[in-house]
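Quantities reported herein were computed from a predicted structural model and do not represent experimental measurements. Naming: A, B, ... by sequence-line order, numbering from 1 per chain.
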Amino acid sequence: MDLTFSDVISKILSTTGFSSLTGGHVVMILVACTLIYLAIWKKFEPLLLLPIGFGALLANLPMSMMTSTDEGGLLFFFYQGVKYEVLPPLIFLGVGALTDFGPLLANPVTLFLGAAAQVGVYTTLIGAVLLGFSLQEASAIGIIGGADGPTSIFIASKLAPHLLAPIAVAAYSYMSLVPLIQPPIMRWLTTPEERKIKMAQLKPISQNVKILFPIVVTIVCCLMLPGVAPLLGMLMLGNLFRECGVTARLHETSETHLINIVTILLALAVGSSMTAESFLKLETIQIIILGLMAFCVATAGGMLFGKILCKISGGKINPLIGSAGVSAVPMAARVSQKVGSEEDPSNFLLMHAMGPNVAGVIGSAVAAGVFISLFGGSEPATTHAAIDATTQIVNLPVMD
Amino acid sequence: MDLTFSDVISKILSTTGFSSLTGGHVVMILVACTLIYLAIWKKFEPLLLLPIGFGALLANLPMSMMTSTDEGGLLFFFYQGVKYEVLPPLIFLGVGALTDFGPLLANPVTLFLGAAAQVGVYTTLIGAVLLGFSLQEASAIGIIGGADGPTSIFIASKLAPHLLAPIAVAAYSYMSLVPLIQPPIMRWLTTPEERKIKMAQLKPISQNVKILFPIVVTIVCCLMLPGVAPLLGMLMLGNLFRECGVTARLHETSETHLINIVTILLALAVGSSMTAESFLKLETIQIIILGLMAFCVATAGGMLFGKILCKISGGKINPLIGSAGVSAVPMAARVSQKVGSEEDPSNFLLMHAMGPNVAGVIGSAVAAGVFISLFGGSEPATTHAAIDATTQIVNLPVMD
Amino acid sequence: MDLTFSDVISKILSTTGFSSLTGGHVVMILVACTLIYLAIWKKFEPLLLLPIGFGALLANLPMSMMTSTDEGGLLFFFYQGVKYEVLPPLIFLGVGALTDFGPLLANPVTLFLGAAAQVGVYTTLIGAVLLGFSLQEASAIGIIGGADGPTSIFIASKLAPHLLAPIAVAAYSYMSLVPLIQPPIMRWLTTPEERKIKMAQLKPISQNVKILFPIVVTIVCCLMLPGVAPLLGMLMLGNLFRECGVTARLHETSETHLINIVTILLALAVGSSMTAESFLKLETIQIIILGLMAFCVATAGGMLFGKILCKISGGKINPLIGSAGVSAVPMAARVSQKVGSEEDPSNFLLMHAMGPNVAGVIGSAVAAGVFISLFGGSEPATTHAAIDATTQIVNLPVMD
Amino acid sequence: MDASQLINSIVVSVIALSVIFLVLTILIFTIKILVFLSPYKAPPPAAVKTPPGPAARGLDGTHIAIITSTMATYLGKSQNEFQISNIKQL
Amino acid sequence: MDASQLINSIVVSVIALSVIFLVLTILIFTIKILVFLSPYKAPPPAAVKTPPGPAARGLDGTHIAIITSTMATYLGKSQNEFQISNIKQL
Amino acid sequence: MDASQLINSIVVSVIALSVIFLVLTILIFTIKILVFLSPYKAPPPAAVKTPPGPAARGLDGTHIAIITSTMATYLGKSQNEFQISNIKQL
Ligand code: NA
Ligand code: NA
Ligand code: NA
């Protein structure tokens, strides 16, 4: 059989991306470039949004076999780490290694602020149900208000994997927008006098307490909400590596190259799920609006509880640190500092705001645990998923 | 269908860990906390025992799906790296990159001390058979006397996976106890005159010998005992990265972040296999007692052969370096140094003891190879395992 | 049942490698040692050829279960990363993070030199077809002329996996021989006057162009040749991490520990495929000869196009930089510098040669994309491979 | 969406938020107990605490202080403004 | 190997090389457009640009220049021949 | 456990230990051959052996020696007690 010039040319033409480029691809390429633009030039969570955007770009170059569902493709393999929920806990291992819970331990009452900010999760849940989402979907959307990327990805891949991409993008985008979203709400809910409150210096904490804290939190929380064990357990293990003083090697690796490698794989995988079919839907716009609402209500929830604590403590707690309860570490704490110092430049709230800030991480992990307890273990779904997994693995093609 | 408050509350209550907490769980949580305590406050091999203990803690928080057999759980995935024997060889790659075989090459006769210390492996094997263990199980228990964590895990997961957890815990615990276990035996078996022997300075070794050594060891040992290839091959490759002088990048990665990442995964996986059913058994206590015996006899074996070498060499070899043949690098070598300098503070045995110390690593790897040759390849077991593996992989559920 | 001494001894003897050592094994062990020798003492691409050689050594120690096809063996697992084409793109992520495309952007016409050097690929392809190879095989052999290890491995594992080992070895060996292969051809094809041409200093390039370049290249090339997306996409993502200025963490990890870890796994996997059956064939010798031809013709192609550019530009471009179009970064560029400075010691061509040098990487990635478009997606092959993969995965034994 | 879904979501929200407050309240008390059991003790003030690196190599803080003050004298600068950190023993 | 395979390989080669030149030509024009749209602008010359590390810690280039010239004087060496890079503020 | 298991375990132990001694004896002879074939040669004493870093950058050992001795003079310390390792050429 002879190949003629026209045979070969038509073969090449038929395999270019142009031959199957659709409007959906073009729009998604623009969306991907927008994410990359926001990451690089607007510094929106670049460590996540840049590879998410690049993954989305690759996934939407037609015929490149780079979507999360192209079996045997490169990003398909990375996506398995999201689907089987291996990568988000490893990110949390690094987050734990990077987190100093000292300010929280010095002022444990700020844990309430991390709890109060979760009110954003539930108003959003109710809003999502009103818009017609199922309870599972609404829960995954609500957790955007937790302002915690890995938690959002973990819950979305568990309860509503078809909404993973918009939820992850909304979560990371709004985390970057915290310095714009929060200050108006914070000023609106506080009086200048409240904003001027100076807080007493934090008590130092003994090393033993810092070491025991992650162990105790793991036992208490995972006994009550077992579904949160992968996330919270890894977060606390990372923190234990940090505080125990005898595992410097593991601490260093967890907070540098391990979290970096996992971030690259996770972000590309999330990006690879951003196909036109999954992203260009009314639901995406609804999720983006609901996500904004989640952040706003979470901020307000933290602030209002901050005001309550202020009253109860006899004016010793500045309500501005309440907004840091949304987590979004450390941006939200910096916002508290900034809004406070606008009123009184000599007011240093940063360390005080770090307490509710890291409390917010625990708070949304606990919120995630409640959702898993409620919706996570239904028997039929697992069976169905097992069949799914079987089919996927045994049909895995070698790409050639 | 409406959810009532009582529905939701009972759903949450039914999914708390308390609902299925057993006495076994409580005891194992205490065991896990004990391991963490020993790792942090007693500095018992913290790089391994801390994550092992934490993995055991997570595995025994009921319903958290964190045991090594909870298909689809996080630690289940890590455990596959133990089960398929990928992680221990990668640890050995890093160990090789960290090991200087120079003192061994300068005094190759010390390899005999690494061989003699394996006598602990075989007396323990016989003891285990006397207690009713099968030959395979007894071999896996005996290798605790090799004082080499990755080798113990490798052999246990091959010959007696149901005993993996107690074997790993015993191996790492006793390695930490070497400074307590060895000195009485060493003093009891030597005279003050012997302990005062000063050894001649080690000859320098040419770089070419250091480069050729790992290659030659690989060829010789793997030809004679092919089953040891994954362990010994990776150990020697790591050492070749170190000595060859042209792969500094690979050497650095092997001895830092690669071994650290693998250590985290391996230790969590080992910990996740510590369930009440597998750990709270008479066998565990037997293994712990046999393991102590293994260390003691191994120390004595090395010492006695050290005395023989002392005689043969006309008093040029201090028998105290014999105890370093158990491996437990570098603690055992430091113990030789310490016991020697107690008798004569000007006696520096450390570098001399490093020879038998690294010889002990090779010795127990060779011992492992013999076990694999004898018990490793029986056809029915493999077939059975293949069916097992198939079942496990095709039934892998997505967790949700 | 009693084990007698003779039982046990015969069991051990029957499981030594000697019992099944063949001439093929011996020859391959010598080949492996030759590769290790070349890597260490002749500094032939030691980061790759040392672990390739060591992997080949382990694979050919009989009964060690270390070949790429020994299901359940250690290197079998690493080999899956080659087979499913996960590892080469991750190497390219690191290569992109290490590459400065500035000289190319300052003088974009040098991209033509990277294209012209691909002529070596196609003359080799034709030569391979003349020797009886199929078109797919010939394409995989031809890409050796691209002088790019990961590209060669990627294409070989896609189009001709049975030729992977000789192709990878030839590619890396000849890359090391560039300083010997190229200068005679370069001197033969140029006049002393041409070699003395001094080039104008490169224009500086704005940071925005450096950031936009990897994004645009990805879109343009992957739209036209979607099959190249895993390789080129990762290359460009790595470069984006480097240039964007907001992802320093990911950049550092990509260019150090991630690429190092992947290199170890990839090289061992490639080495593990070097069995006597796959390597000791006439085809290997043919591939080695064809590979040399590929490098020579590629060099000549780059030189001749360099002469054309020299003419067109009115003598402003020194044709010596053309040979750098073969890629083999940065050796080929250094060769251009060296041959130029031999003629005139004040002539600094290095930075000018870096343009075609990195262009050669893009050029051979594009050449790979054309091959994938032509031969990569035939339906029957994929089906067959899927069945293969299924069989392999479901039959995976636990080694014991 | 029917009314029952809305009611469900409200029920879930109220209970979930209560659970969060319950869990975090338990954590607060746990922390207070921990802090009570293991209060912070200020470390005893080390008389002349020196950087461990050089000291371990035989160069103690005194040498560094001498070098620093010598250079400070020549430079007319406060000794607090710079630190010599890379002196190694041969 | 029959003649048709040879012809096939030549056809493939010619077209593939053409495609490469086509793709890279497009890239060249793309680069030229990018460079045209975003030309290089020299950064404004910073009056006394100092290494960021020490400066950020309160030691500016002046201090380093003084130390350097002092040592250079004693050593009779050009100041271009060495650099003090490891002074940190305590 | 019956007696045969015990006998088996003793047989296995004796043979295994013998194999270990056999293998390690072979290794000892291999090492001795390697050391014989490639004996250690002391590197020729470089007249003024300097750290490669600075030397490669144009600063040879002489400069460092001068700086070291100058500082040593001022500090009244032996030159063996410290090392300047971080001078880089600009
Ligand atoms: Na939160
Ligand atoms: Na040992
Ligand atoms: Na190339």
Side-chain angles (χ1 to χ4, degrees), chain B residues 101 104-119 121-135 138-139 142 203-213 216-217 219-221 223-225 228 301 305 359 362-367 369-371 373-375, chain F residues 1-61 78 80-81 83 85-89:
Chain B
F101 284 110
L104 175 64
L105 297 171
N107 201 2
V109 80
T110 57
L111 264 171
F112 279 135
L113 298 171
Q118 307 311 317
V119 77
V121 172
Y122 300 105
T123 48
T124 309
L125 184 157
I126 295 169
V129 165
L130 280 173
L131 289 176
F133 288 100
S134 75
L135 267 177
S139 304
K203 295 168 301 183
I205 292 296
S206 76
Q207 199 56 30
N208 281 345
V209 173
K210 288 188 173 183
I211 296 171
L212 289 170
F213 175 70
V216 170
V217 169
I219 296 174
V220 170
C221 292
L223 268 181
M224 299 183 73
L225 300 162
V228 81
F305 209 94
I362 298 175
S364 38
V366 170
V370 177
F371 284 143
S373 289
L374 285 172
F375 309 121
Chain F
M1 205 268 318
D2 52 18
S4 80
Q5 272 296 79
L6 179 60
I7 295 171
N8 287 351
S9 68
I10 295 172
V11 169
V12 163
S13 296
V14 170
I15 293 179
L17 205 50
S18 313
V19 172
I20 292 175
F21 271 94
L22 173 66
V23 172
L24 296 198
T25 307
I26 295 173
L27 283 187
I28 290 173
F29 281 101
T30 317
I31 293 172
K32 286 187 177 291
I33 293 169
L34 286 179
V35 172
F36 175 80
L37 291 178
S38 173
Y40 177 77
K41 291 184 195 90
V48 188
K49 211 197 163 192
T50 60
R57 290 184 171 83
L59 245 192
D60 63 27
S78 155
N80 294 336
E81 282 178 56
Q83 172 192 357
S85 67
N86 273 285
I87 294 180
K88 294 195 206 128
Q89 190 178 31

message: For B:Ser206 versus F:Pro39, what's the shortest heavy-atom pair and its separation?
response: CB-O, 3.7 Å
query: If you look at every heavy atom in B:Phe133 and B:Ala138, which pair is closest and at what distance?
result: CB-N, 4.2 Å
message: Counting heavy-atom pairs under 4.5 Å with chain F, which one of B:Val370, B:Asn208, B:Thr110, B:Val209 comes out on top?
response: B:Val209
message: For B:Ala367, which atoms come within 4.5 Å of any heavy atom of chain F: side chain, backbone, both, or neither?
response: both
statement: Closest non-hydrogen atoms of B:Gly363 and F:Leu24, given as atom of the first, atom of the second and distance, are CA-CD1, 4.2 Å
- prompt: In terms of heavy-atom proximity below 4.5 Å to chain F, should B:Val119 be classed as side chain, backbone, both, or neither?
  reply: both
query: Which pair of non-hydrogen atoms, one from B:Pro108 and one from F:Ile28, has the smallest distance, and what is that distance?
result: O-CG1, 3.4 Å
- prompt: Do the side chains of B:Val121 and B:Phe371 get nearer than 4.5 Å, heavy atoms only?
  reply: yes
task: Identify the two heavy atoms, one from B:Val228 and one from B:Cys221, that lie closest to each other, and give their separation to 0.1 Å.
output: CG1-O, 4.4 Å
- prompt: Out of B:Val366, B:Ile126, B:Leu225, which one racks up the most heavy-atom pairs below 4.5 Å with chain F?
  reply: B:Ile126
query: Between F:Phe21 and B:Phe112, what is the ring plane arrangement, given parallel below 30°, perpendicular above 60°, and tilted in between?
result: parallel
- request: Can you tell which part of F:Ser38 gets under 4.5 Å to a heavy atom of chain B, answering side chain, backbone, both or neither?
  value: both
Chain F contact via B:Ala116 - which portion, at a heavy-atom distance below 4.5 Å: both
message: Under 4.5 Å from any heavy atom of chain B, what part of F:Ile31 do you find: side chain, backbone, both or neither?
response: side chain
field: Winner by heavy-atom pair count (cut-off under 4.5 Å) against chain F, out of B:Ser134, B:Ala115, B:Ala106
entry: B:Ala115
- request: Identify which part of F:Ile26 has an atom lying under 4.5 Å from any heavy atom of chain B, answering side chain, backbone, both or neither.
  value: side chain
statement: Cut-off 4.5 Å, heavy atoms of chain B, and the answer for F:Leu37 is neither
Close side-chain approach of F:Ile10 and F:Ile7, heavy atoms under 4.5 Å: no
message: Which atoms of B:Phe101 are under 4.5 Å from chain F, going by heavy atoms: the side chain, the backbone, both sets, or neither?
response: neither
statement: So, the part of B:Val220 with a heavy atom under 4.5 Å from chain F: the answer is side chain
